[in-house]
**Q** 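Below you will find the structure I want to go over with you.
Naming convention: chains lettered A, B, ... in sequence-line order (proteins, then strands); numbering from 1 in each chain. Atoms considered below: every heavy atom in the structure, side chains included; atoms not considered: hydrogens, waters and symmetry mates.
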2 protein chains.
Amino acid sequence: MAGTANKKQSRIQTENRSLILTAALNVFSTDGYRGATLERIAERAGMSKTNVLYYFPSKEEIYHTALEQTVEGWLEPFSEISAQGDPVEELRRYISLKLQMSAEQPEASRLFANEVQRGAPLMLDFLKTRLKSLVDEKAAVIREWIDQGKLAPVDPYHLIFMIWATTQHYADFDTQIVAILGDQSKQKGFQEQTAHAVLSIILNGIRPR
Amino acid sequence: MAGTANKKQSRIQTENRSLILTAALNVFSTDGYRGATLERIAERAGMSKTNVLYYFPSKEEIYHTALEQTVEGWLEPFSEISAQGDPVEELRRYISLKLQMSAEQPEASRLFANEVQRGAPLMLDFLKTRLKSLVDEKAAVIREWIDQGKLAPVDPYHLIFMIWATTQHYADFDTQIVAILGDQSKQKGFQEQTAHAVLSIILNGIRPR
DNA sequence: TAAAAACTTGACTAGTTGGTCAAATTTAGA
DNA sequence: TCTAAATTTGACCAACTAGTCAAGTTTTTA
């Protein structure tokens with residue numbers, strides 16, 4: 001009955017699947033797919049390994065589900081960039097939101113990074129279809145803003161890559177940033193300071209002159 | 001005699017250790033430390049697993065050596081940013097070089113990214129000491145440029161993080177970029193186009209107004 | 001040319017890992 | 001309250017993994 005799409009999940013199922021996915025996110029984002037073990041996921045979920053396999057048929061299925069959840073939460077903010085909006089405000093809002101997601105869900109970011117760095121075997125289809133078509137759509141929006149003189153003439157794709165790179169860096173390379181900045185990176189206001197710097201450089205970088 | 005610091009390495013040792021480290025870079029950058037196996041490294045190096053262990057005492061030692069080589073090649077370009085130079089030219093040169101390194105050595109970049117994403121257990125000391133002191137030094141240089149009105153007032157640390165994030169993104173997220181851009185990313189001139197866009201946005205972003 | 005040293009590898013070991021099984025316990029529903 | 005269904009887990013299995021060993025081969029040195 002576990003995982004059956006049409007049967008309503010029980011209270012225990014809902015609770016335990018969530019525990020397992022949270023644990024899986026932590027273990028997979030640190031050790032990668034091959035390096036993670038069912039035993040580590042089980043320990044972190046606070047149940048036996050056999051119990052984990054009662055709720056998910058395989059290690060790969062756990063990984064796949066964790067990855068899917070990550071990605072679903074990522075498309076929406078990007079898809080909300082509107083051609084009807086003010087370019088600088090639209091991009092400011094998106095960059096701010098991405099930085100906030102990096103601060104709040106660093107493991108999700110690292111899970112994604114890990115998957116892409118190993119060649120994205122479980123996501124290639126998604127990257128080539130849903131993500132690509134959304135990027136193409138938003139690149140067209142940015143190009144139109146450039147054509148109207150609202151933004152400086154830059155390649156829209158590289159602008160999008162830079163926004164992703166910079167914002168996700170605060171999640172993916174968290175360990176390095178903390179090592180360099182020390183306690184400063186843990187203090188109140190660091191996130192705002194980060195946002196201010198990132199927004200300033202990127203938005204000034206694309207402001208028409 | 002393998003790995004002894006004071007004994008001169010033989011021709012066969014030099015050759016095979018290099019083969020092993022090249023293979024290791026490929027396997028570790030894809031599968032991570034835990035996910036990689038000695039068998040995979042051996043296969044890619046074109047020798048038996050037992051022979052790999054003849055040249056390196058352990059899997060961890062291979063990983064450590066591969067990582068060390070990566071990092072040594074990274075400090076030098078950064079350390080060459082000169083307080084006596086023109087700010088825009090100094091940063092332009094550094095960014096261009098980093099993009100070139102991403103294009104030429106994507107596996108080294110992914111190895112580093114992987115290590116940091118798993119908490120950098122083998123590099124924390126390096127990050128907190130050598131890297132931090134170099135970053136502090138260059139941040140001071142950038143701050144002086146800002147004080148002299150040569151650069152817009154941005155936080156030097158976040159500027160450095162943005163440069164790293166953006167340039168390393170082309171190596172670390174290579175798979176995603178190729179999925180989105182398709183053949184365009186493999187064409188002649190893509191690297192120049194990338195450099196043009198990245199330099200334009202960042203350098204315009206920090207140009208004094 | 002011969003011997004010592006270095007190099008190479010298949011077989012092996014002990015521990016690990018993904019997944020299965022049967023049985024005990026708990027929960028839900030009648 | 002009782003029974004059926006769901007949940008839980010220790011023991012187990014087959015395959016995998018890091019590393020060892022002994023023996024054969026190749027290279028180096030005298």
Side-chain angles (χ1 to χ4, degrees), chain A residues 1-28 30-67 114 118 121-122, chain B residues 1-28 30-67 114 118 121-122:
Chain A
M1 159 185 314
T4 48
N6 42 7
K7 196 84 165 190
K8 186 178 170 65
Q9 277 190 7
S10 72
R11 172 188 66 82
I12 294 181
Q13 281 192 340
T14 301
E15 186 172 309
N16 280 352
R17 281 177 69 90
S18 178
L19 281 172
I20 292 166
L21 288 171
T22 299
L25 182 58
N26 177 266
V27 176
F28 283 131
T30 302
D31 297 326
Y33 176 70
R34 281 176 54 89
T37 66
L38 288 168
E39 184 58 41
R40 284 193 170 197
I41 293 170
E43 271 176 14
R44 193 158 286 273
M47 64 181 75
S48 73
K49 184 187 63 177
T50 333
N51 206 9
V52 170
L53 287 168
Y54 176 77
Y55 291 99
F56 290 88
S58 64
K59 178 184 176 185
E60 181 172 340
E61 186 63 26
I62 300 170
Y63 183 75
H64 199 271
T65 307
L67 202 50
N114 211 293
R118 75 186 190 115
L122 289 186
Chain B
M1 153 189 314
T4 49
N6 42 8
K7 196 85 164 188
K8 186 178 171 65
Q9 277 189 7
S10 73
R11 172 187 66 83
I12 294 180
Q13 280 192 342
T14 301
E15 188 172 309
N16 281 352
R17 281 177 69 91
S18 178
L19 281 171
I20 292 165
L21 287 172
T22 299
L25 183 58
N26 177 266
V27 176
F28 283 131
T30 302
D31 297 326
Y33 176 68
R34 281 176 54 87
T37 67
L38 287 167
E39 184 59 40
R40 284 192 171 198
I41 292 169
E43 270 175 16
R44 193 160 288 273
M47 62 182 75
S48 72
K49 182 189 65 177
T50 331
N51 205 8
V52 170
L53 286 169
Y54 175 78
Y55 291 99
F56 290 88
S58 64
K59 177 184 175 184
E60 181 173 340
E61 187 63 26
I62 300 171
Y63 183 76
H64 198 273
T65 306
L67 202 50
N114 210 295
R118 75 184 190 117
L122 289 186

**Q** What's the CD1-C1' distance between B/Ile20 and C/dT9, to the nearest Å?
**A** 14 Å

**Q** Which pairs, protein N/O on one side and nucleotides 25-29 of chain D N/O on the other, fall under 3.5 Å?
**A**
none

**Q** Do the side-chain N or O atoms of A/Asn51 get closer than 4.0 angstrom to the phosphate oxygens (OP1, OP2) of D/dT7?
**A** no

**Q** Rounding to a whole Å, what distance do you find between B/Tyr54:OH and C/dG10:C1'?
**A** 18 Å

**Q** Send over the distance from A/Leu19 CG to D/dT8 C1', rounded to a whole Å.
**A** 14 Å

**Q** B/Arg40 CZ to D/dG19 P: how many Å, rounded?
**A** 17 Å

**Q** Figure out the CG/P separation between A/Asn16 and C/dT27, and round it to whole Å.
**A** 11 Å

**Q** Using side-chain contact (heavy atoms from CB on, under 4.5 Å), reason through B/Met47 and B/Ile20 one step at a time and then give a plain yes or no.
**A** CA-CA 9 Å; B/Met47 62 182 75; B/Ile20 292 165; 3.9 Å; yes

**Q** Just to verify, what does A/Arg44 make a side chain to side chain donor-acceptor pair (under 3.5 Å) with, not counting sequence neighbours?
**A** A/Asn26

**Q** Distance from B/Leu21 atom CG to B/Tyr63 atom OH, nearest 0.5 Å?
**A** 13.5 Å

**Q** Restricting to non-hydrogen atoms, name the atom on B/Leu53 and the atom on B/Ser58 that form the minimum distance, rounded to 0.1 Å.
**A** CD2-CA, 4.1 Å

**Q** Measure from CD on A/Gln13 to P on D/dA5 and round the result to the nearest Å.
**A** 15 Å

**Q** Taking only residues two or more places apart in sequence, or in another chain, which ones meet A/Glu15 in a salt bridge (charged side-chain N to carboxylate O under 4.0 Å, His left out)?
**A** A/Arg11

**Q** Strictly under 3.5 Å: I want the nitrogen or oxygen pairs between protein and nucleotides 15-21 of chain C, one per line.
**A**
from   : atom 1 : to      : atom 2 : distance (Å)
C/dG18 : OP1    : A/Ala36 : O      : 3.3
C/dG18 : OP1    : A/Lys59 : NZ     : 3.1
C/dG18 : OP2    : A/Leu38 : N      : 2.9
C/dG18 : N7     : A/Lys49 : NZ     : 3.3
C/dG19 : OP2    : A/Lys59 : N      : 2.8
C/dG19 : N7     : A/Lys49 : NZ     : 3.4
C/dG19 : O6     : A/Lys49 : NZ     : 2.8

**Q** What pairs of donor and acceptor atoms, side-chain ones from residues 32-39 of chain B against any protein atom, are under 3.5 angstrom apart with sequence neighbours left out?
**A**
from    : atom 1 : to      : atom 2 : distance (Å)
B/Arg34 : NE     : A/Gly35 : O      : 2.8
B/Arg34 : NH2    : A/Gly35 : O      : 2.9
B/Thr37 : OG1    : B/Arg40 : N      : 3.0

**Q** Taking CD from B/Gln9 and C1' from C/dC7, how many angstroms apart are they, rounded to a whole number?
**A** 14 Å

**Q** How many Å lie between CE on B/Met47 and P on C/dG10, as a whole number?
**A** 13 Å

**Q** Does anything in residues 50-65 of chain B pair up under salt bridge (Lys or Arg N to Asp or Glu O under 4.0 Å), and if so which pairs, sequence neighbours excluded?
**A** none

**Q** Considering residues at least two apart in sequence or located in another chain, which fulfil the side-chain contact (heavy atoms from CB on, under 4.5 Å) criterion with B/Thr50?
**A** B/Ser48

**Q** Considering non-hydrogen atoms only, spot the tightest contact between B/Tyr55 and B/Asn16 and give its length.
**A** OH-ND2, 2.9 Å

